[in-house]
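What follows is one structure encoded as structure tokens, with my remarks underneath.
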Amino acid sequence: GNVRVNGGPPGGEAGDWGDDSNWRVAPSILSVSVRGVRGASVLHGLKDVVAASTASACHSDGGGVSGVLAAIGVPEEFARGTLRLSVGEETTEEQVGRAVEAIVGEVKRLWKEEGMKGM
């Protein structure tokens with residue numbers, strides 16, 4: 001596919017955490033990568049709709065693919081299109097739904113510009 005959720009144990013499917021209690025996750029953060037778009041381009045199109053980033057605070061200098069994404073095996077064609085999304089205690093399901101719709105719409109728009117087929 002053209003979209004992947006990042007994280008979890010190496011070789012595991014998304015959400016397949018097994019019995020290894022050593023995996024630590026931040027349940028309020030989602031890292032999702034989209035092939036064929038640059039994360040910064042997606043965010044630019046969403047600047048008035050969704051608050052998100054393309055990198056963690058410790059890698060916000062924009063200097064290439066995150067070492068973390070590389071370490072967990074995210075291919076470069078996906079890594080360039082990574083979005084880091086988070087929710088807070090007061091985030092509603094409605095807000096999440098609007099964000100999803102906006103992100104999907106912007107990705108489809110960018111894919112159309114690039115002549116790609118997608119979601």
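Hydrogens, waters and symmetry mates play no part in the numbers below; they use all other heavy atoms, side chains included.
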With a cut-off of 3.5 Å and sequence neighbours excluded, list every side-chain donor-acceptor pair involving residues 96-106.
residue	atom	partner	partner atom	Å
Arg98	NH1	Glu94	OE2	2.7
Glu106	OE1	Arg109	NE	3.1
Glu106	OE2	Arg109	NE	3.4
Glu106	OE2	Arg109	NH2	2.7

Rounded to the nearest 0.5 Å, how far apart are CZ of Arg38 and NE2 of His44?
14.0 Å
Minimum side-chain heavy-atom gap Lys108-Lys112 below 4.5 Å
no
Is the shortest side-chain heavy-atom distance between Ser28 and Glu89 below 4.5 Å?
no
Under the side chain to side chain contact (heavy atoms under 4.5 Å, CB included) test, which residues partner Leu43, sequence neighbours left out?
Ala52, Thr54, Leu83
For atom CD of Glu113, decide whether the heavy atoms of other residues, nucleotides or ligands shown that lie under 6.0 angstrom number more than 12.
yes
Would you say Val3 ends up clustered with Val107 if hydrophobic residues are merged whenever their side chains have heavy atoms under 4.5 Å apart, either directly or through other cluster members?
yes
Report the C-alpha separation of Arg84 and Ser53 in whole Å, then their side-chain angles, then the decisive distance to 0.1 Å, and conclude whether the side chain to side chain contact (heavy atoms under 4.5 Å, CB included) test is met.
CA-CA 5 Å; Arg84 182 178 166 95; Ser53 69; 3.6 Å; yes
Do Val68 and Val5 share a hydrophobic cluster (ILVMFWY, side-chain heavy atoms under 4.5 Å, transitive)?
no
If I compare all heavy atoms of Ile29 with all of Ser86, which pair ends up nearest, and what's the gap?
CG1-CB, 4.0 Å
Taking all heavy atoms of Ser33 and all of Phe78, pick out the closest pair and write down the distance.
CB-O, 3.3 Å
Any sub-3.5 Å donor-acceptor pair from Trp111's side-chain atoms to Arg35's backbone N or O?
yes
Quick one: pull up OG in Ser66 and CG in Asn6 and give me the separation to the nearest 0.5 Å.
9.5 Å
Would you call Val32 and Arg4 a side-chain contact if the rule is heavy atoms closer than 4.5 Å?
no
